[in-house]
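Below: one structure, written as C-alpha cells.
Throughout, protein chains are lettered first and strands after them, A, B, ... in sequence-line order, and every chain is numbered starting at 1. Bear in mind the structure is a predicted one, so any value in this text is a computation, not a measurement.
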Amino acid sequence: MRRYDASEIEPKWVAAWDAEGRFRASEDPGDTRPKFYALDMFPYPSGDLHMGHAEAFSGGDAVARFKAMQGHNVLHPIGWDAFGLPAENAAIKRGIAPAEWTYANIEQQAASFKRMGMSFDWSRQLNTCDPSYYRWTQWLFTKFFERGLAYRKKSAVNWCPNDATVLANEQVKQGACERCGAVVERRDLTQWFLRITDYTQRLLDDEAELIDWPERVLTMQRNWIGRSQGAEVTFAIKETGEEIPVFTTRPDTLWGVTFFVFSVEHPAVRRLAELGGTWDEVSVLVDQARATSLNSREAADTKEGVFLGVHAVNPVSGEEIPCYAAPYVLMEYGTGAIMAVPGHDERDFAFARTHEVPVRVVIQPRDADPLDGDTMTEAFAGEGVMVNSGHFDGQETPASIAAVVEWLEAEGRGEGTVNYRLRDWLISRQRYWGPPIPIIHCPACGEVAVPESDLPVELPADVDFQPGGDSPLARHPSWKRVTCPTCGGEAERDTDTMDTFVDSSWYYLRYCSPGYLDGPFDPAAVAAWMPVGQYTGGVEHAILHLLYSRFVTKVLYDMGMVPFTEPFPRVMNQGQVIYGGASMSKSKGNIVEPMPIVQRWGADSVRLIMLFAGPFEDDIDWKLIAGEDPDRRPGVHSWLSRVFTAVGDAVERGDAPEPDALVRLTNRTIKGVTEDLERFRFNTAISKLQVLTNETRAALDGGAGARSAARSLTLMLAPFAPFIAEELWRVDLGEPGSVADGPWPEFDPALVVEDTVQLIVQVDGRVRDRIEVAATISEADALAAAKASENARRAVDGREVVKEIVRAPKLVNLVTRG
RNA sequence: GCGAGAGUGGCGGAAUCUGGCAGACGCGCUGGGUUUAGGUCCCAGUGCCCGCAAGGGCGUGGGGGUUCAAAUCCCCCCUCUCGCACCA
C-alpha cells in the first residue's frame, strides 16, 4: 500500500507539466473550444510569495483549471508588475541595481509558482520593466498625448523632506511619510496628468456592463468619482466688481447665504485681503496651509478663518455679505470658493457661530416646529419647505431645487451643473525605476512626443538614483540631451518616469499577444480573448487599478483599437490573510510564509487550507485556522491521505458493484461541486468532496466497489489539489492524459435525488419524529405515516388537530388546539 | 457623520438566494484501540440543561412582527468590520 507523500508526488509533476508544455492557451484557429480568459492580478516581485499570493492564486487557479476541464480553451497568464519605488529602495539599501533585485525576485516567485502547480501559460510571461514591454507603455502615452489626454501642469504635490521625493497620495498616512514617518510638505511642481476626468460620466454609465463585481467595490468607485448634481452661481465682489463663481448642490438655499468663503489658496485671496487691509492676518493661514500636506488638511478646523475686509453680492437678493478665507474650503473641489448657508450646512453653521455671522432659515422642516436662526443649535440639512425666498416661498424640496435652477438659467444668474470629486491622474514621478516619459522638450517646438520609431526610450543603467530632490534621470550627464524630432535643434528629454499604475493599466491586453511587435497588442488576439472572463485580486485595488484600467480601455475603444468598453466584467476579491486579527508584518514578527509549508506538507495542502478556510472573499486569520504550532499537521493533509488510500483501494477493488447510495451521492456531489465552483464557493465544494470521500471509504470498508466514485472524486479534486489528482488519475486510475484536461464529470439528473428521504413530523412546529419514506411518497401517504407516528401521537396528546400542513416527502406539521 | 457588509458551538464555518431536521465539513477537545519514544493511523463522543435511557426543555446579538413553521422575510435597537470622510 502506497502512502500519501506530497514531497514525492509534487516535484515529479512540476517537472512533467513543464516538459509537456502544459497549460498553454491554444491559438490554433481550428480549436473550436470556447475561450476563457482567467486573469489574476499580476504580482509585484518583492521577495518570495507571501500568504496573500497563496490565497489569491489558489482561487484563481481553481477557476482556470475548472474552466479548462469543462472544455474551455483557457488563457491563464502570469507576469510581473516590476517597476516601482520598493525596488528602488531595496536596491539603495543593498547597494545593487533595482533591475538586479527585481529580476532575482521574479526568478524566485516564478519558481515558487511552479512549485505550487499554478496552471500558468508560462510562454506568455511578461515584465513591465522590460524594454519590450515599456516600449508600448510609452507608445500608449504618446497616443494619449496626441489626443490631448496627457498634459502637463503645475500642481501641489506631497513632498517628503527626508526621502527627498514626491509621494503618491496613497503613500501619505495622516500627513506623514508612510515609509520614514517625516511630516510631509507641499510643493508646487509641474507634473504630467492623464485626463481621466474626460471619462467620468462614462465610467459611471458603463457600470451596467460590470456584470459581476463585488457591491462594495462598485460603491467605492462610485464614491471615488463622487458625482454631485447642483448649480454654478456667480457672486460679484462689491469692492472690485470681479465675478466669483461657486458650486452648490443646494441652490434652493441661495436666499439663506449670509457669508462667502474663499479657500485660502484661492488666487484672488491675496489681492482681496490686501485691498481689505487684512493680509497680515490672512497670510498666516496661507503659510499654514503651505506647510501642511495635502492629506492632513482634511482635518482642518471648520471654524478657523479670517474676514477679508471685502464683500460679495448675492445674485438673487442683491444682499452684501462678508467674505472670508478659511482652510475648510478646498481649492481642489468646485471653484475654490463657496456661498455659505449656515442655516442648512453643518460646516457653515459652525463657522457662523464662531464668527458671529447671522444664521438665516430658508427651509422649514415639514412636520416639526419652525426653526429660528438665532436659537437653533445645529444646521437643518434635510428636506422641507422654502421660506424667506421671495416668490419661491412654499416650494418643497426636492422639486424646489430644479425649479430654482430653471429660474437661475432663465434669469442668466447661474446654471445647472455637475461636479465630480475625481481629479486627473497624476502619473509623473521624480524617481528612477519606471518607464521614462517619452517627451522631448524643445525650446522651439515645445513638448514633442518621441516618434514611434525611437521607442523605447530606455532607462539608462548608469544612473545615481539616490534620492536627491530632483529626478535621477536629470542628473545623468548625457542621457537627456537629444535633438528635437521635429526641428532638429538641441532639446532635452523629459526626466520624469511614469507611475507603476500606468504599467498595470494595460498588461491584461499584452497577455493576449505577448510577443507582438507592431503595437501594444494584436487587435485580433485581443478581440478573441477579451474581455476577461474572471479577474481575481485584492480589494486594495478596488479603486485605483481597476478605475485606471477601465479608463485606458475606454480610450483604446475610442481609438478603435478594442471592440469593448469594459475590460473586466467579472471581478472577485480574495480576503486578506492576517494573523491574530492583525495584518502580517515584519515589525510585528508575525509573518507566515507559504513556501515552507509547501515544503513541509505540499502545495496541495496549502491550496486547500486557503480555499477551505471559509468564503474566498473573507479574511483568513492564520492563527485561528492553523493554530500556533507550525508543525501541526493540517486537517486537509489528513483528508488527502484518506483520499489517496481510498482511491487506491477502489482501484484494487476493480469493478465490484457500487452501492446505490454511493452512486447517488456521487451524482449529487458532482452537481453540488459544479454549482459551487461556478459561484466560487470553494469552501463548500471542498466540504462536499470530503463527504464523498467519507462515504467512499465506508463503501469500501463494507466490501463494496467504489471505482466510479473514486474517479469522479479525483476529477473534482483537480482544481483544488492538482498534484494528488494528477497522481491518482494517471498512476492509480491509469487514465490516459492529464487530469487537467478533464473531462469535468457530469451527473445524471435521475440520480441526484435519494430514493428514500426522512419525513419530518412536526406537531405545532416542533420536530417529534423522523420517518424514512420513499422519495415519491404521496401527500396522503405522508400524512398517514405522520399520524401513525407514536411520538407524534404522544405530542398531540388528545388535542384536536385543526390544521395539517403536508409538504411531501419532506415534512408534515400537525397544528393542534386546546 | 455618510455608505456597505456582518453577528450561528471552544474555533473556522454550513444552512440565508428559494422560510421547513440549526450546527454540514473541518479544527480542537474527551474516551477507547493499534503502534509506541512521540507523532501518525483507526473507532466512538462532542451546542447547553434535566435524564441510566427513552425522551423532554432551551438555543442562531437584543426586542417586536408576519407565518402552521423564521438563523432565513419585515420593523426597531445593540455590537463589530470595512470603505469614505470638510466634496459645498
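- A:Glu675 has no carboxylate O lying under 4.0 Å from a charged side-chain N of A:Arg679, or vice versa, which leaves the two without a salt bridge.
- Between A:Ser638 and A:Arg632, the residue whose closest nucleotide on RNA chain B is further toward the 5' end is A:Arg632.
- For B:rA88 and B:rC80, the P atoms lie 29 Å apart once the distance is rounded to whole Å.
- Remark: C1' of B:rG83 and CG of A:Leu218 are 13 Å apart, rounded to the nearest angstrom.
- Rounded to a whole angstrom, the distance from the P atom of B:rU16 to that of B:rG10 is 23 Å.
- The structure places CG of A:Asn791 at 4.5 Å from CG of A:Asp769, a figure rounded to the nearest 0.5 Å.
- One atom, CZ of A:Arg668, and another, C1' of B:rA24, lie 13 Å apart when rounded to the nearest Å.
- Across all strands shown, B:rC17 forms no Watson-Crick or G-U wobble pair with both key distances under 3.5 Å.
- Ion pairing of A:Glu804 with A:Lys787 is present here, as a side-chain N (NZ or NE/NH1/NH2) and a carboxylate O approach within less than 4.0 Å.
- Between A:Phe682 and A:Phe616, the distance separating the two ring centers is shorter than 6.0 angstrom.
- B:rC2: Watson-Crick or G-U partner is B:rG83, with both key distances under 3.5 Å.
- For A:Asn694 and B:rG26, the shortest distance from a side-chain N or O to OP1 or OP2 is below 4.0 Å.
- Dashed line: the shortest gap from a side-chain N or O of A:Arg768 to OP1 or OP2 of B:rG56 is under 4.0 Å.
- Taking atom P on both B:rC77 and B:rC82, the two are 23 Å apart, rounded to the nearest angstrom.
- Taking atom CH2 of residue A:Trp601 and atom P of nucleotide B:rG39, one finds them 13 Å apart after rounding to whole Å.
- Computed from coordinates, the A:Leu640 CG to B:rC27 P distance equals 12 Å when rounded to whole Å.
- With rounding to the nearest 0.5 Å, the separation of CD in A:Gln221 from CD1 in A:Ile543 is 7.0 Å.
- Annotation: B:rG9 and B:rC68 have their C1' atoms spaced 29 Å apart (nearest Å).
- Figure legend. B:rG9 is base-paired to no nucleotide; pairs are counted as Watson-Crick or G-U wobble with both atom distances under 3.5 Å.
- Contacts of residues 226-233 of chain A with RNA chain B (heavy atom under 4.0 Å): A:Ser228.
- A:Glu754 CD to A:Leu665 CG: the interatomic distance, rounded to the nearest 0.5 Å, is 7.5 Å.
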Distances under 3.5 Å between nitrogen or oxygen atoms of protein and nucleotides 71-75 of chain B:
none

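- Look at B:rG39: it lacks any Watson-Crick or wobble partner with both distances under 3.5 angstrom.
- Using a 4.0 Å cut-off, no side-chain N or O of A:Arg633 falls inside it from OP1 or OP2 of B:rC27.
- With a glycosidic angle no further than 90° from 0, B:rG9 counts as syn.
- A distance of about 23 Å separates the P atoms of B:rC43 and B:rC48, rounded to the whole Å.
- Between A:Lys803 and A:Glu346, the residue anchored nearer the 5' end of RNA chain B, judged by the nucleotide with its closest heavy atom, is A:Glu346.
- In this entry the distance linking CZ of A:Arg642 with P of B:rU40 reads 12 Å, nearest Å.
- Across every strand in view, B:rU67 sits unpaired, with no contact that passes the Watson-Crick or G-U test at under 3.5 angstrom.
- Distance noted for atom P between B:rG45 and B:rG23: 15 Å (whole Å).
- Look at CH2 on A:Trp639: it is 19 Å from C1' on B:rC41, rounded to the nearest Å.
- Taking the six-membered ring where tryptophan is involved, the planes of A:Phe351 and A:His355 are essentially parallel, since the angle between them stays under 30° and well short of 60°.
- A cation-pi arrangement is present between A:Arg421 and A:Trp224 under the rule of less than 6.0 angstrom and at most 45 degrees off the ring axis.
- In this structure, B:rU34 makes no Watson-Crick or G-U wobble pair, since no nucleotide meets both defining distances under 3.5 angstrom.
- Contact annotation: the side chain of A:Met572 never approaches that of A:Glu617 to less than 4.5 Å [non-hydrogen atoms, C-beta and beyond].
- With contacts defined as side-chain heavy-atom distances shorter than 4.5 Å, the pair A:Arg770/A:Val761 does not qualify.
- On the P atoms, B:rG31 is 45 Å away from B:rG83, given to the nearest whole Å.
- Distance check: A:Met339 CE to A:Phe260 CZ gives 10.0 Å after rounding to the nearest 0.5 Å.
- Here B:rA85 presents its P atom at 11 Å from CG of A:Leu330, a figure rounded to the nearest Å.
- Between the CD atom of A:Glu265 and the C1' atom of B:rA88 there is a distance of 16 Å, rounded to whole Å.
- The nucleotide B:rU72 finds no pairing partner, because no Watson-Crick or G-U wobble arrangement with both distances shorter than 3.5 Å includes it.
- Under a 3.5 Å cut-off, the side chain of A:Asp604 and the backbone N or O of A:Ile724 do form a donor-acceptor pair.
- Taking the C1' atoms as reference points, B:rU18 lies 12 Å from B:rC73, given to the whole Å.
- Of the nucleotides present, B:rG47 is the one that pairs with B:rC58 by Watson-Crick or G-U wobble criteria, both distances under 3.5 Å.
- Looking at heavy-atom distances under 4.0 Å, A:Arg766 makes contact with sugar-phosphate atoms alone, never a base.
- With ring centers used as reference points, A:His344 lies 6.0 Å or more from A:Phe349.
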Using a cut-off of 4.0 Å between protein heavy atoms and nucleotide atoms, how would you tag nucleotides 12-21 of chain B 5' to 3' with B, S and -? BSSS-B--BB
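- If you take CD on A:Glu383 and CG on A:Asp252, they are separated by 9.5 Å, rounding to the nearest 0.5 Å.
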